[in-house]
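Here is the naming used below: chain letters follow the sequence lines, and residue numbers restart at 1 for every chain.
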Amino acid sequence: MNVEVYLDQLNQSQREAVEYTDGASLVIAGAGSGKTRVLTYKIAYLISRGVLPQRILALTFTNKAAREMKERIARLAEPELAKRLWMGTFHSIFARILRFEATSLEYPADFTIYDATDSKSLIRSIIKEMGLDDKQYRPGMVQARISNAKNALVTFKAYEQSKELVEGDMRSNVPLIREIYRRYQARCFQAGAMDFDDLLLQTNILFRDHPTVLDKYRNFFQYILVDEYQDTNFAQHLIVLRLSELHGRICVVGDDAQSIYSFRGANIDNILQFKNQYPGCRIFKLEQNYRSTQNIVDAANSLIHKNERQIEKRVYSKKEPGSKIGLISLYSDYEEAYAVAAKIIEMRMNDRLNAYADFAILYRTNAQSRVLEEALRKQAIPYRVYGGLSFYQRKEIKDILSYFRLVVNPHDEESLKRVINYPIRGIGNTTITKLLDAATEYMVSPWTILCDPLTYALPVNAGTAAKLSSFKEMILTFQEKNQTLSLEELTDFILKETGILSFLVQDQTVEGQSKFENAQELVKGIMEYCDMKREEGEERVRLTDFLSEVALLTDQDNDRNEQTDKVTLMTVHAAKGLEFKNVFIVGLEEDLFPSMMSKDNTRALEEERRLFYVAITRAEENCVLTYAKSRFRNGKTMICLPSRFLRDIDSAYLDVPQDVFGLDTFSSERSSSTFQKNTFLINENKSVSFSNIPKQEPKLTKLSSATSTANAIAPLGGLTIGTRVGHMRFGEGEIIALEGEGGNAKATVCFEHSGVKQLLLKFAKLTVIE
DNA sequence: CAAAATGTGGTTTTT
DNA sequence: CCACATTTTG
C-alpha cells in the first residue's frame, strides 16, 4: 500500500507521531485514541522508509497484542517483511536473546523457564530444607518479595547488602528472606532454569557485564518501540534505555491513566519521567477517543480527575452523547448475576442488532465469575470465561510437559519431581526425599544423583535403585529420540513409553476423561505448532522453542478465536486493550472494588481508580454498573457497602432508576444492612446446627463395612503369583508380582477395572477368590 | 506405597 | 468456598 494513502487515514496528532522518527518520542494515548493504529502505521512507515524490519524491535505486553499487530502490519506492508520484525513480549524477546547469549552467563542455551508454580514449589522446598516455619515464611509472600527485588534489579548479593531491605525483613519478622533468595537463585542456576523475572534481570546482567554483547544489540536494533509503557517495571525500563541510549530512536506509547500493574512491579514513574530520561524527547498526545460515546468518555474523565498524579490531557469524543451510565443496586451477588442476565436479554429484545458477542461482563476478581456463569447458564445465554489458568498451566498438561522439559534439560528439578512417579512406578515420597536430600547435601542436581547413585551413596535398596535406573534410562532414551524423531513423533513416543496414555485411558472418572481429552488437545496443539513453524520455513522444529513459547503463553493467547457468538466474562485487567459495545461492570463495592488491600494506601487506591477507568472506557455505547448489598465470599455472606468510586463519577453522566436506588441513599443504607445482617445470622445458625446431624451417619456405615472384612488374609498367607484376589475398592484382580517379606511384603495386583496397583500386604485387606 | 480424610489458610490483578 | 498440603488409613 502507498504510504500517503495510509497516512491520510490518520488524524493530525496521530500522523505527527508516526512521522517523527529522528529521536525519542513519547506518545500519550488516551483510551480509545487509536494507539495500536499509530504503532502499526509507524512500523509500516519505518519499513517504507527503508528500515529493515529485522532491525526494528517492538515490545508489547501480551503475545496476542504482538500477533495482532504483526497481522495488521502484514496487511500494510509486505507480509514477508512483517515476519522478520522483532516483535513480541518483553519476556519472549529477551528469552530468545538470552538463549543466544546464555554461555556468557554460564547458563545452558536450553535453559528451562520456571513459571510461577515452579518457583513457588522450589521456594517451598527451600523453606522446608532450612527448617523454617512455613507460616512465618509463607511461600507466596517470599516469592513476592524475591520477585519485587528482581524487578527492581536487586540481585541476592545486593539484597544482602541493602540495609533497607534487610532491616525491613527484620521488622516483618522474616530476617532470613535474603538467605532463601540466595539459595533459590543458586538452585535455579543449578537446575539450568530462569524464572519469569530472571528473563529481565539476567538480560540486564548480560548487558551490564558484557559490553560487547550490549553493543551488538544496540547497534543492531535501529528503532525501538514499546507499547503500554505505563506498565513497564524498572528492569524493563533499563533494558530499553540501554538499547536506545546511543541513537535515541525510541518511541514509547502509553497512557498513565491506564497504569494498572504496579503489583507486578510496574512503575508509573517510567512514563511520567520519560521526558527527563530522554532529553529532547518529543511528546505527542492523542486525545480524541474514537471508541465511546460522549457520556462514557465524560463519565470516565470525571472519575480519573479525582487522581492526583497524572499527565495533563483532555480526552474527548465527537460521537453522539449516547446513553448515560446505568447503575443498578441489588440485594445479593446472586441477584446481581440474574439482573445482568435479565438486562442482556432485555437489551437484545430492544435492539436486535445486539449479538451476544457485543456484551462483556467485567469484574475485579476471578472468583466473581462463578455466580455469573450460573445465572447465564440458567438463562441459556452463551458465554465464554477468559482468565484463570492457561491451558498449559493445568496439572495434567504440566505433568506431560515435564517430560519434554527433562528431555531438553534433565537438571530441571521441578519437572523431575513432577514425573519421577507419574505415572505411578513405585518411587514414593521416601525415595524422592532421599534423592532431594542427597542433592542438597552434595550441591548437585537430583538428576546428577540419579545418574550415579553409588558415588553419592544414595541409601536405597536394590529394588528402588532398579526403578530409579530405569527411569533414568527412559529419559536418556527420550533424549536420543529427540535427535532423530520429529517433535510430533517424539510426543507420540513419550506418551506411549511413559505409560501416560494407558494411565489416562484406565481412569474411568469424569476428571480422568477430561484429562485424557486435554492430553489429546495438547498433542493437537503440538501438531499445530509444528505446522505453523514449518509454514514459517523452519526446517526442524526445536523442542526448546516450543517449551519456551508455551511457558510464556497466557490464557488470552490461546483463544482459538472462536467465531461463536458469546458473552465475554473477564477481569478488568484482562479487558485492557479490548472494546465492547455493551459493558457491565459488576461488584462495585467497598473492599472488592477498590479491593481490601488498597484502602489505606493512596497510591494503591489511585491504581484501583485507574482500573475502574479502564473498565468504563472499554464500552462503546452502553455501560452498566452494578453492586450488591451482600455477597457470598470465602464461605460467608458478607454485607457490602457501595464503592466509593461511584461517588467519583459526576452524577450528570449517571442514570439511576428512582425506584431502585438514589445516590443520596448512601447513608440511609445502613439500617437496611443491619436488618439484613441479622436475618442472615439467624439463617446461618439454623442451618449449621441441622447439618451436623446427618453427617454422623456415613461414618457409622463405614465403620461397619470395615469390620465386615474380618476374613482378610494374613500377610503372605498362601499368596502366589497368579492368585485371584478381591479388594474392597478396586474389585477383583490377579497377583502379577510379589516382593519383600514380613512387614514390607508387597504385591502387585492387576485389577480388572482399576488397573495395576502395588499394595502393601500389611495393610491391604485382600481376599482370596477361588 | 497409594488413596482417602482431614486440616489449613487465603482470595487482586498476571508476563 | 475452594484449592492444596498434610495426616490417616488401608
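At a cut-off of 3.5 angstrom, counting only N and O atoms as typed in the model, there is no donor on one side facing an acceptor on the other between the side-chain of Arg264(A) and the base of dT13(B).
Taking only side-chain atoms of Thr62(A), from C-beta outward, the nucleotide of dT6(C), dT12(B), dT15(B) with the closest atom is dT15(B). Of the candidates dT13(B), dA2(B), dT8(B), dA2(B) carries the atom nearest the Ile424(A) side chain, counting heavy atoms from C-beta on. Closest contact between the side chain of Asn634(A) and the listed nucleotides dT11(B), dT13(B), dT6(C) involves dT11(B). Closest to the Thr571(A) side chain, of the nucleotides dC2(C), dT12(B), dT13(B), is dT13(B). Between dA3(B), dT13(B), dT8(B), one nucleotide has an atom nearer to the side chain of His573(A) than all others, and that is dT13(B). With distances taken from any side-chain atom of Asp134(A) to the nucleotides dT12(B), dT15(B), dT6(C), the minimum falls on dT6(C).
Phosphate proximity of dC1(B) to Thr430(A): present, with a side-chain N or O under 4.0 Å from OP1 or OP2. In this structure, Arg138(A) reaches the dG10(B) phosphate: one of its side-chain N or O atoms is under 4.0 Å from OP1 or OP2. Of the side-chain N and O atoms in Arg124(A), one or more sit less than 4.0 angstrom from OP1 or OP2 of dA5(C). Remark: Lys636(A) is not in phosphate contact with dC2(C), judged by side-chain N or O atoms under 4.0 Å from OP1 or OP2. Within the 4.0 Å cut-off from OP1 or OP2 of dA2(B), at least one side-chain nitrogen or oxygen of Asn421(A) is found. Phosphate contact (OP1/OP2 of dC2(C), side-chain N/O of Arg370(A), threshold under 4.0 Å): present.
Nucleotide dT14(B) holds its C1' atom 10 Å from the CD atom of Gln393(A), rounded to whole Å. Straight-line distance from the NZ atom of Lys599(A) to the C1' atom of dT11(B): 15 Å, rounded to whole Å. Atom CG in Asp198(A) sits about 14 Å away from atom C1' in dT15(B), given to the nearest Å. Note: CD (Glu607(A)) to C1' (dT12(B)) measures 10 Å, nearest angstrom. Counting to the nearest Å, the C1' atom of dT8(B) and the NZ atom of Lys135(A) are 8 Å from each other. Whole-Å rounding puts the Gln236(A) CD to dT15(B) P distance at 12 Å. The distance from atom CD of Glu606(A) to atom P of dT13(B) is 22 Å, rounded to the nearest whole Å. Rounded to an integer number of Å, the gap from Tyr363(A) OH to dT11(B) P is 18 Å.
Taking the P atoms as reference points, dC4(C) lies 14 Å from dT13(B), given to the whole Å.
A donor-acceptor contact under 3.5 angstrom links the side chains of Asn461(A) and Thr464(A), judged on distance only. Inspection of the Ser402(A) and Tyr422(A) side chains reveals no N or O donor paired with an N or O acceptor under 3.5 Å. Checking Glu336(A) against Thr626(A) by side-chain atom types alone, a donor-acceptor pair falls below 3.5 Å.
Under a cutoff of 6.0 Å and an axis angle of 45°, Arg96(A) and Phe94(A) do not form a cation-pi pair. Note that Arg264(A) lies in the cation-pi zone of Tyr261(A), set by a 6.0 Å cut-off to the ring centre and a 45° limit from the axis.
When both distances must be under 3.5 Å, the Watson-Crick or G-U wobble mate of dT12(B) does not exist. Of all nucleotides present, only dT9(C) satisfies the Watson-Crick or G-U wobble test against dA2(B), with each distance under 3.5 Å.
Among the protein residues, Lys120(A) comes within range of no part of the nucleic acid, since none of its heavy atoms lies under 4.0 Å from any strand.
Using cut-offs of 30° and 60° on the angle between ring planes, the pair Phe645(A) and Phe612(A) is parallel.
Projected onto DNA chain B by closest heavy-atom contact, Phe90(A) and Thr464(A) fall at different nucleotides, the more 5' of which corresponds to Thr464(A). Summary of the strand contacts: Asn366(A) and Thr431(A) both lie near DNA chain B, and taking for each the nucleotide with the nearest heavy atom, the more 5' one is attributed to Thr431(A).
Applying the 5.5 angstrom centroid cut-off and the 30 degree plane-angle cut-off, the aromatic ring of Phe61(A) is not stacked upon the base of dT15(B).
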Criterion side-chain hydrogen bond (donor to acceptor under 3.5 Å, both in side chains) on Thr571(A) and Asn366(A), from CA distance to verdict: CA-CA 6 Å; Thr571(A) 62; Asn366(A) 279 307; 5.0 Å; no
